[in-house]
There are 2 protein chains.
Amino acid sequence: MSHRAATKVFQGIEEEIATGQLKDGEKLDEASLAERFQVSRTPVREALLQLVGSGLATQIPKRGCFVKAPSFRDMIEMFEVMSELEGLCARLAARRISSQQIDRLKRTNQGCETAIASGDSDLYYDFNVDFHECIYEACGNSFLAQETRQLRRRLQSFRRLQLRVRGRMPQSLEEHHAIIEAIEAGDADTADEVSRQHVMIQGERFNDLLSHIDQMR
Amino acid sequence: MSHRAATKVFQGIEEEIATGQLKDGEKLDEASLAERFQVSRTPVREALLQLVGSGLATQIPKRGCFVKAPSFRDMIEMFEVMSELEGLCARLAARRISSQQIDRLKRTNQGCETAIASGDSDLYYDFNVDFHECIYEACGNSFLAQETRQLRRRLQSFRRLQLRVRGRMPQSLEEHHAIIEAIEAGDADTADEVSRQHVMIQGERFNDLLSHIDQMR
DNA sequence: GTTCAAATTATCGTATACAAAAATAAGATG
DNA sequence: CATCTTATTTTTGTATACGATAATTTGAAC
């Protein structure tokens, strides 16, 4: 983690958008942000540029920056793409994974199991990230891996809530097993299909998700 | 197009990376870039941040920015993802396209035909972009559309060369017809498959492409 | 001659200053 | 009283200045 002022501002604003403190359409005033984060306008501007780059804000020339919090529709759209990317990762991993990578994948998923056993959803969350990271690395396409990681990160704060939904963790784990099985068997089609579902089931549970978001707003 | 100094620097560097003037690993020195583009370091730094954001440069803290020109492997990876996204666009478009959008798609492709008839590859290129833009808009997922557009833009300078490869334009047009047919018939699977091929055939012709790139370097 | 340490230099990251453009307010005219 | 014009103010975009940290060079000791 960087100690740069710019990254702190970026992550700070990102967090506030995710939690709903900063609402959609709200103006991101450079001066007041600089005041709030106790830095000058320079790092604030850098942070805003990065926000625009990652799609969390829009910039109108000579008018300023505005929060672009993802709408319900936006999130459905992102999940639709996410499931496709995740599916592609699994498909490619089924063809390209090494035996060491399979071992690591299994070990990571055992971490998920122990996390569930201890009822620690934060721990499960971390192992779950690792699990998918294993697949990204095994897909043999670092560009795809990076894109998928990025999108996952963008849906991250919402997914974290998602995993806490009752009964989701064991189900998620079952899906993991199916994914591992398909990848190990080199069954690309099944790996793709199951991974797609794994993401989309979360997408279909949007009502649960929305209630959480509404609470935050 | 913006008149900002920062965007001019960004596009300038982007172009120089695409053409190979700026080689992989080369240092992007803020001072000399500012000198070269006749601006101060501030807009140069903004441009570098955007370059890093779009993956064309890497930044090592307190060490500076370095060109990250896509390698042969990188481009294969990007094509692999591109074909998937393009396929998904077509798949969704087959389910969601409106009759007006179909008409526009056909008209645009007629533009492609006349461009070929007149042997104008630049004109064909523009109509080809429009053709795919029609599909992006018809897919009903603006996030997916944006991501696909972005990746297409990144492969753009290479694709432009690609289309000039002998015999590629008529073949590309044939594929367009197949795509239109599948989308109009609402045949999502075929639309997906054909679109995937449409991109991948270009990817498979990498030897032709590479010779062009080598000439530039 | 080699190696390690201190001083120097260069460059990055941030702060501040300034200029240009747009939004807002004020005033004049009908 | 409404509206258009003009002045003020705010804010963006760029330039410059400064401090901190890493790279480089110089010099001394072995």
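We name chains A, B, ... by the order of the sequence lines, and we start the count at 1 in each one. These numbers come from a predicted model, not from an experiment.
- Rounded to an integer number of Å, the gap from A:Arg4 CZ to C:dT11 P is 18 Å.
- Regarding A:Leu48, its CG atom lies at a distance of 14 Å from the P atom of C:dT14, rounded to whole Å.
- Atom CG in A:Asp29 sits roughly 15 Å away from atom C1' in D:dG13 (whole-Å rounding).
- Side-chain N/O atoms of B:Arg63 include one lying less than 4.0 angstrom from OP1 or OP2 on D:dA23.
- Under the 3.5 Å distance criterion, the side-chain polar atoms of A:Arg152 are left unmatched by any main-chain donor or acceptor of A:Glu133.
- An OP1 or OP2 oxygen of D:dT14 is reached within less than 4.0 angstrom by no side-chain nitrogen or oxygen of B:Thr42.
- Under 4.0 Å is where a charged nitrogen must lie from a carboxylate oxygen, and between B:Arg91 and A:Glu84 no such pair does.
- Nearest-nucleotide positions on DNA chain C for A:Gln38 and B:Leu28 put B:Leu28 closer to the 5' end.
- Counting to the nearest Å, the P atom of C:dG13 and the CG atom of B:Leu49 are 9 Å from each other.
- Proximity of B:Lys27 to the phosphate of C:dC12: a side-chain N or O atom is located under 4.0 Å from OP1 or OP2.
- Note that the CG atom of B:Leu51 and the SG atom of B:Cys65 stand 7.0 Å from one another [nearest 0.5 Å].
- B:Arg196 contributes no side-chain N or O that, together with a main-chain N or O of B:Ser83, makes up a donor-acceptor pair within less than 3.5 Å.
- Summarising the geometry, the separation between CZ on A:Phe66 and P on D:dT11 is reported as 12 Å, rounded to the nearest angstrom.
- Residue B:Glu35 contributes atom CD, which lies 12 Å from atom P of D:dT16 at whole-angstrom precision.
- Computed from coordinates, the A:Arg45 CZ to C:dT16 C1' distance equals 14 Å when rounded to whole Å.
- Between B:Arg41 and C:dC12 there is no side-chain polar atom (N or O) within less than 4.0 angstrom of OP1 or OP2.
- For the pair A:Glu46 and A:Lys62, nearest-nucleotide mapping onto DNA chain C gives the more 5' position to A:Glu46.
- Checked by atom type and distance alone, the side chain of A:Ser118 pairs as donor or acceptor with a backbone atom of A:Ala115 at under 3.5 Å.
- Atom CD1 of A:Ile60 is separated from atom C1' of D:dT11 by 14 Å (rounded to the nearest Å).
- Within the 4.0 angstrom heavy-atom criterion, no nucleotide atom of any strand lies near A:Ala31.
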